Amino acid sequence: MAELTGVVGIGQTKYAAKRAELSMPGLLREAALRALEDAGLTWNDIDAVVIGKAPDMFEGVMMPELFLNDAVGGAYKPMLRVHTAGSVGGSTAVVAASLVQSGVHDRVLTVAYEKQSESNATWALSISMPFSVATIAGAGGYFAPLVRGYIRRSGAPDDTGIRVAVKDREHALKNPLAHLQLEDISFEMVANSPMLWDPIRYLETCPSSDGACAMIFANEELARQAPNPVAWVHATEMRSEPTMFSGRDQVMPQATLDNAASLYKKAGIQNPREEIDCAEIYVPFSWFEPMWMEGMLFAPTNEGWKMTYEGATKLGGELPVNCSGGVLSSNPIGASGMIRFAESALQVRGMAGEHQVDGAKKALGHAYGGGSQYFSTWIVSSEKP
Amino acid sequence: MRDVAVVGFTQSESVRRERDRNEVEILIPVIHELKTRAGITSEDLDFVCSGSSDYLAGAAFAFVSGLDAVGAWPPLCESHVEMDGAWALYEAWVKIQMGYADLALVYGFGKPSMGDLPLTMALQLDPYTTMPLWPDAVSIAALQARLCLEGGVLSERDMAEAAARDRRNALDNPNAQVAGDFRAEQILSEPYLVSPLRKHDCAPISDGASAVLLAAGDRAKEMCERPAWIRGIEHICEPQELGVRDLTRSRSTEIAAEKAGVGAGKVDVAELSAPFSHQEILVERALGLGSDTEVNPSGGALAGNPIMAVGLSRIGEAADRITKGSANRAVAHATSGPCLQQNLVCVLEG
Amino acid sequence: MSEQESDANEPVEMLRMPVELDYTYSAGTSASRFLRAFAEGKLLGQRCPVDGKVYIPTRGSCPQHGVPIDGEPVEVADKGTLVTYSIVRVPSENIPLELPYVAIQVVLDGADTAMHHVLSECELEDVHMGMRLQAKWKPREEWETSVGNILYFIPIDEPDAPYDSYKEHI
């Protein structure tokens, strides 16, 4: 029933702590114009626009898509704004793709962004509400206890997180758009960086970035006219569960397991570790790589860390993960999920430049958010399903 | 295109201030009643989508707690728009069209009484050039009304007639917040609130929530004796800047109405979400409605305005009339942004 | 004027636009009952009507089953087990605690849900999962309808809870 849909254009801004030379509309346009150029299209070729970002309070604008819409060519077109917590970049891509997959539109532009330099995300995430005690310091404060829970149950070596951080930071050196470029990155450098939210060290965390990411989707017929290779969407999936309930597994939520199983079923994948060539996974704190290796069914329960340890997730390894440098290297929050989706598409299009995985044909894009409760994922391929 | 219908609708009362209940507690009975009436559990839902705004709650991720009212277990295929629930319904309709879902729950909720709504809405404007002036939502709408009056597009009497009609219609709506047996003369004799708007020209500030069930094809027929089939659903967004668009008409509503096929047949009932009387007239005209259409039998947004749910409620109210057999063809409208910036039009048939 | 002219080609890179909005919150019907009891030093939870699990605090519904939780309150103890924790060394402008502090999830005896709080009066190297804790209350005359009546948790001299007894709360 779903129309075959392809990614025909991708545009990303340079990610940096401050893109002070650009306004918010300017930031979105930089990404959108690059996507149009990649697709060989103009604004007039776009039927609808889907905008995604994390909480409005990050920039202090209520429903900012309303004032941003015409900057990305959305004037007098349908426009949607998605917000699903940290997974929003991924969910936004899923919604944009669905507009073409459903046959409702032929060509859709989607843009996700965050301009963290115009805001204070830790403040916005930790606003003291009456009747409660403020004890959770930002996202790190929320996720650190879960990381500890993972270490306890899996018996993973303490330095697993350090190894992930070193790997992703090495990958970032091959991605000129990545925000953090640490030329002298080493195991010692990460190990000796300050402990922030024990057991999470400074260099095991993500930065605050400005940036936007855009993609253009087209139906099969129009995708065939694209000047550059197409990434075909094989399947998309989303799952959500409540933040808290009695007996909830916060470390390995049912939502991630259900999401993975359903995604692979839709994409006709029997053995994800064998059939998927590379993955872009939402890893805002290094320990979430081994956790989501299990959460995406690449590794058996409590054995995700072994993939990191064995080097399987390195560029050149068995299943390269976050060849772009990942969220650890660039984190414009609302866009971070979409960057995962876009980078997975770049890989199967063979357009990832220096961080290209040789011969990548099938890739996974992944995002999660909230209290490890929102998941959105997709499978893209250089080949039609 | 697949046949998709509204097969259920519930809403809370619209009230100026929910003193005791928080947003989730407002939502819980609305969703619970919808599921109970339809005889379904969360496991039957292929997709769930909601609409709400963080700024109404003054907290990031305010929508997350909304999930607690649904019972998202086993985990649900679920999404959220930072828009009125009418657009959440649109997203759900798309999901059904692509074959990823047959039954979807949509809800919207807002508790604007927690803050200063007209002032908060100023944060929707361009943050570099307009918002720092803090123009509140009523004043912005008043500028538009003035343009309409000076341009001879409509008169203060037209506005008063629209407001009075909504007030009278709302007498039959147990969920309405503002109702009364008003006449235009009465309204015109009242002082201005923000000239040229009088109190009756403005929608109230309402706390509330609503929810809709959407089903495809045979599933809809099984669940509902007379489903309200969605024959067209379209939405269009204009640029926001007030100086670059004609504020005396609603161009985006016109385009959406044409694409949705409003004019393809007689419209028995129209439910409009315009929060100001002059905007209601502009929308009515943009939809091309004639004198044979009953407008806002519920009283519309002027009778109850639970922001982020009010547009979804219009679809629900219109569908309800089809389901109950009092209308064969209905049009529902939702809006967002200053001066009718973004509009959604939905055509429903029995 | 001339100064402005000389800056005409300089980009404006940052505006200060302070936003101050006041909100009036209601805790909600369910949490209000919990908070009123708290002002009297009592910790009240409620059972989910589907599986009987005790939620504290309740928010009016069972997030898992989507049913209203409106049954009789269940009193739970002010001591419990540390489920997991983090030693926080990052300042946050919203959190008035001295660094480093220990952010914890604690499951109170008689409750089936863990809550976020803070551990104090404990050497950092002694903090571990499964340790038994007791609430440290403010002086009685300072109690109000706030969870702030409990200042923090402190370790007590009881044997650790076995991992299997609390692992479902992580």
Side-chain angles (χ1 to χ4, degrees), chain B residues 17-36 40-43 45 48 55-59 62 64-76 105 111-123 125-134 207, chain C residues 10-37 45-71 73 92-95 112-116 145-147 168-169:
Chain B
R17 179 165 177 246
E18 278 275 3
R19 197 184 63 109
D20 296 337
R21 298 190 296 173
N22 61 28
E23 302 110 295
V24 182
E25 288 173 333
I26 297 170
L27 196 53
I28 289 165
V30 172
I31 291 181
H32 196 63
E33 187 191 338
L34 187 64
K35 282 161 59 176
T36 308
I40 57 163
T41 68
S42 292
E43 278 184 73
L45 298 169
V48 174
Y55 259 106
L56 296 183
V64 174
S65 57
L67 260 190
D68 291 354
V70 181
W73 193 263
L76 293 168
L105 168 70
K111 195 183 171 190
S113 69
M114 287 192 281
D116 181 335
L117 184 64
L119 209 56
T120 305
M121 301 284 275
L123 291 176
L125 304 166
D126 184 310
Y128 308 111
T129 59
T130 316
M131 187 270 146
L133 303 169
W134 285 97
D207 291 347
Chain C
E10 289 296 310
V12 176
E13 294 197 337
M14 197 52 82
L15 300 166
R16 264 187 63 77
M17 186 193 69
V19 173
E20 191 180 322
L21 293 168
D22 290 329
Y23 291 86
T24 307
Y25 290 97
S26 305
T29 312
S30 185
S32 292
R33 175 150 59 169
F34 165 79
L35 289 166
R36 278 193 292 269
Q46 273 176 307
R47 284 188 195 282
C48 164
V50 177
D51 62 9
K53 298 284 188 186
V54 175
Y55 281 76
I56 181 163
T58 59
R59 288 180 293 186
S61 73
C62 169
Q64 187 177 14
H65 302 105
V67 293
I69 291 189
D70 44 18
S92 173
E93 54 193 275
N94 318 23
I95 297 174
D112 292 304
T113 55
M115 52 189 237
H116 292 273
T145 50
S146 161
V147 285
E168 70 159 25
H169 298 295

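Numbers restart at 1 for each chain; the letters A, B, ... are given by sequence-line order, proteins then strands. Quick caveat: nothing in here was measured; it's all calculated off a predicted structure. Reckoned from all heavy atoms, side chains included, excluding hydrogens, waters and symmetry mates.
With respect to chain B, the highest number of heavy-atom pairs below 4.5 Å among C/Ser61, C/Gly60, C/Ser30 belongs to C/Ser61. Of the listed residues (C/Pro63, C/Gly66, C/Cys62), the one with the most heavy-atom contacts under 4.5 Å to chain B is C/Pro63.
Without hydrogens or angle criteria, B/Glu25 side chain to C/Thr29 main chain gives a donor-acceptor distance under 3.5 Å. Using a distance-only test at 3.5 Å, with no hydrogens or angles considered, a donor-acceptor pair links the side chain of C/Tyr25 to the main chain of B/Ala57. Distance alone, capped at 3.5 Å, is enough to place a donor-acceptor pair between the B/Asn22 side chain and the C/Ala27 backbone.
To the nearest 0.5 Å, atom CG of residue C/Asp70 and atom CD1 of residue B/Ile28 are 9.0 Å apart. The line from CE of C/Met17 to CH2 of B/Trp134 is 7.0 Å long, rounded to the nearest 0.5 Å. The distance from the CG atom of B/Leu119 to the CG atom of C/Leu21 is 6.0 Å, given to the nearest 0.5 Å. Once rounded to the nearest 0.5 Å, the distance linking CG of B/Leu56 with OH of C/Tyr23 reads 7.0 Å.
With contacts defined as side-chain heavy-atom distances shorter than 4.5 Å, the pair B/Thr41/C/His65 does not qualify. The shortest distance between side-chain heavy atoms of C/Pro68 and B/His32 falls below 4.5 Å.
Only the side chain of B/Leu123 comes within less than 4.5 Å of a heavy atom of chain C; its backbone N, CA, C and O stay farther away. Heavy-atom distances place no part of B/Leu76 under 4.5 Å from chain C, backbone and side chain included. Only the backbone of B/Arg19 comes within contact range of chain C, with heavy atoms under 4.5 Å apart. Residue C/Val12: no heavy atom, backbone or side chain, is found under 4.5 Å from chain B. Contacts between B/Glu23 and chain C at a heavy-atom distance below 4.5 Å are absent for every atom of the residue.
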Requested in this report: Report the C-alpha separation of C/Ser26 and B/Met114 in whole Å, then their side-chain angles, then the decisive distance to 0.1 Å, and conclude whether the side chain to side chain contact (heavy atoms under 4.5 Å, CB included) test is met.
Outcome: CA-CA 8 Å; C/Ser26 305; B/Met114 287 192 281; over 6 Å; no
